[in-house]
Chemist: 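This is the structure, below, for whatever I ask next.
Hydrogens, waters and symmetry mates play no part in the numbers below; they use all other heavy atoms, side chains included.
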Amino acid sequence: MIRARITGTGSALPERRVSNAELAERVDTSDEWIVERTGIRFRHIAGDHETTATLAADAARAAIAAAGIDAAQIDLIVLATATPDQTFPATATKVQAMLGIDDCVAFDVAAVCSGFLYAVQVADAMLRAGVHRRALVIGAETFSRILDWEDRTTCVLFGDGAGAIVLEADDSGDGRGILSTRLHADGRHNGLLYVDGGPSTTGTVGKLRMKGKEVFRHAVVNLAAVMGESLELAGLTSDDVDWVVPHQANARILDATARKLGLPPAKVVVTVDRHANTSAASVPLALDTAVRDGRIKAGDLIVLEAMGGGFTWGAAVVRW
């Protein structure tokens, strides 16, 4: 049986790091207020020379190097983003060109903060079908470009960044790889987390709008449920989990979700304090951090999970 196995991870953050204290000079907030409510201490903001594509390409190069392959061996690129460089073509094709890949399938997936999980399932299915051999799956965002910097309830929450993994079709039967994925969407909640613009409506990019309390409530319930579903699909339980790598939106959501599943906080990878909510980039950013610092080891059982605007949400169970 062919199974998609993660063979390399990588990440990239913009050069400019902004502390809560620096942000407090621009908007009516404080370090204490932000940390208490979100756990966030820093975020990275893209400079004029940095875009979603450049960050994605940097993360991709790191993942390719970690996998020990050449970029030319990639035959599929799936890039999750809500902040593409252009309305079209797909940012994935720009990354393809930056990596020097002459020809491979390359396209974007738009599911906001859940985008990376959606991209993983798409790539997983294409590898299992035998259509492709090696996939580059990327989550990359420049959310700073769609923030209302006068809205202190949202602008303090988000940052820019990118994370990537290399997925390889594997038929060794050693039990490692993606064991299950589960995705959901419910468009009835559009008005709780959205951008108030778009090519087909206003002809503008728009700004991010969010009703935080309602999003928090849905996030805790939906994330705990989908993690349980994905584990059940894999024939496992929360007792089998070594690490949860969650969407890095808010430290309170991470804590509440872990409690709902009966998981100790020590099993949850938390990086939201370092880079805030980077939407589709946050799961692969956190994953790369935990792989490179040695927490995640061969044989570990990992659960990836995220929820974002739409609402969309999902989880994946991976044997490392």
Side-chain angles (χ1 to χ4, degrees), residues 18-21 23-24 27-44 112-117 139 141 143 147-148 151-161 163 184 186 189 191-194 208-228 230 238 241 243-287 289-290 295 302-315:
V18 178
S19 68
N20 291 341
L23 202 56
V27 296
D28 182 18
T29 189
S30 68
D31 177 67
E32 293 77 15
W33 189 91
I34 298 171
V35 172
E36 180 185 348
R37 288 162 177 78
T38 69
I40 297 168
R41 296 183 183 276
F42 299 95
R43 74 280 299 143
H44 290 252
V112 204
C113 301
S114 309
F116 182 74
L117 272 300
E141 304 281 14
F143 254 52
L147 295 178
D148 179 351
D151 180 3
R152 71 168 187 162
T153 64
T154 57
C155 73
V156 302
L157 303 177
F158 296 90
D160 303 333
H184 292 279
D186 188 347
H189 302 294
L192 299 184
L193 178 54
Y194 65 101
L208 183 146
R209 306 298 177 195
M210 180 174 71
K211 297 181 179 178
K213 290 183 180 179
E214 290 88 342
V215 173
F216 184 101
R217 178 172 55 85
H218 283 279
V220 173
V221 173
N222 291 345
L223 290 174
V226 76
M227 288 171 65
S230 62
S238 58
V241 176
W243 295 102
V244 176
V245 183
H247 170 46
Q248 306 291 316
N250 183 308
R252 286 182 172 181
I253 293 177
L254 304 188
D255 291 342
T257 304
R259 285 197 304 271
K260 204 168 183 66
L261 279 172
L263 290 168
K267 286 189 174 186
V268 181
V269 176
V270 179
T271 58
V272 67
D273 56 320
R274 309 180 203 180
H275 54 68
N277 184 344
T278 54
S279 187
S282 73
V283 171
L285 269 169
L287 178 63
T289 298
R295 273 179 286 178
I302 318 298
V303 180
L304 314 176
E305 53 90 336
M307 185 185 117
F311 286 138
T312 61
W313 65 101

Chemist: Which heavy atom of C113 sits nearest a heavy atom of A306, and at what distance?
Modeler: O-CB, 3.4 Å
Chemist: Does V27 offer a backbone N or O that forms a donor-acceptor pair with the side chain of R152 under 3.5 Å?
Modeler: no
Chemist: If the condition is ring-ring contact (aromatic ring centres under 6.0 Å, His included), which residues does F311 pass it with, not counting sequence neighbours?
Modeler: H189, H218
Chemist: The criterion is side chain to side chain donor-acceptor pair (under 3.5 Å); which residues satisfy it with N250, sequence neighbours excluded?
Modeler: none
Chemist: Using the side chain to side chain donor-acceptor pair (under 3.5 Å) criterion, which residues pair with S30? Sequence neighbours excluded.
Modeler: none
Chemist: Quick check for you: to the nearest 0.5 Å, what is the distance between I302 atom CD1 and R295 atom CZ?
Modeler: 10.5 Å
Chemist: What are the two closest heavy atoms between F116 and G139, and how far apart are they?
Modeler: CD1-N, 3.9 Å
Chemist: So which heavy atom on T257 is nearest to which on E305, and how close?
Modeler: CG2-OE2, 4.2 Å
Chemist: Side chain to side chain donor-acceptor pair (under 3.5 Å) with T271: which residues, sequence neighbours excluded?
Modeler: H275
Chemist: Under the rule for side chain to side chain donor-acceptor pair (under 3.5 Å), what residues qualify as partners of T154, not counting sequence neighbours?
Modeler: D151
Chemist: Can you give me the closest heavy-atom contact between N222 and M307, atom names plus distance?
Modeler: ND2-SD, 3.6 Å
Chemist: Would you list the atom pairs, donor with acceptor, under 3.5 Å between side chains in residues 261-269 and any protein atom, with sequence neighbours excluded?
Modeler:
unit_1 : atom_1 : unit_2 : atom_2 : d
K267   : NZ     : V241   : O      : 2.7

Chemist: Salt bridge (charged side-chain N to carboxylate O under 4.0 Å, His left out) with R209: which residues, sequence neighbours excluded?
Modeler: D148, D196
Chemist: Does a side-chain heavy-atom distance below 4.5 Å link W243 with V303?
Modeler: no
Chemist: May I ask you to decide if V156's main-chain N or O and R43's side chain share a donor-acceptor pair within less than 3.5 Å?
Modeler: yes
Chemist: Determine yes or no for a side-chain-to-main-chain donor-acceptor pair under 3.5 angstrom, with S230 supplying the side chain and V226 the backbone.
Modeler: yes
Chemist: Which heavy-atom pair separates I34 from I40 by the least distance, and what is that distance?
Modeler: CG2-O, 3.5 Å
Chemist: With sequence neighbours excluded, what pairs up with H44 under the ring-ring contact (aromatic ring centres under 6.0 Å, His included) test?
Modeler: none
Chemist: Search all heavy atoms of S114 against all heavy atoms of T312 and return the closest pair with its distance.
Modeler: OG-O, 2.7 Å
Chemist: Begin from the C-alpha positions of V18 and F42 and carry the test side chain to side chain contact (heavy atoms under 4.5 Å, CB included) through to its verdict.
Modeler: CA-CA 6 Å; V18 178; F42 299 95; over 6 Å; no
Chemist: Could I get the full list of side chain to side chain contact (heavy atoms under 4.5 Å, CB included) partners for V35, not counting sequence neighbours?
Modeler: N20, D31, R41
Chemist: What residues form a ring-ring contact (aromatic ring centres under 6.0 Å, His included) with H184, not counting sequence neighbours?
Modeler: W313
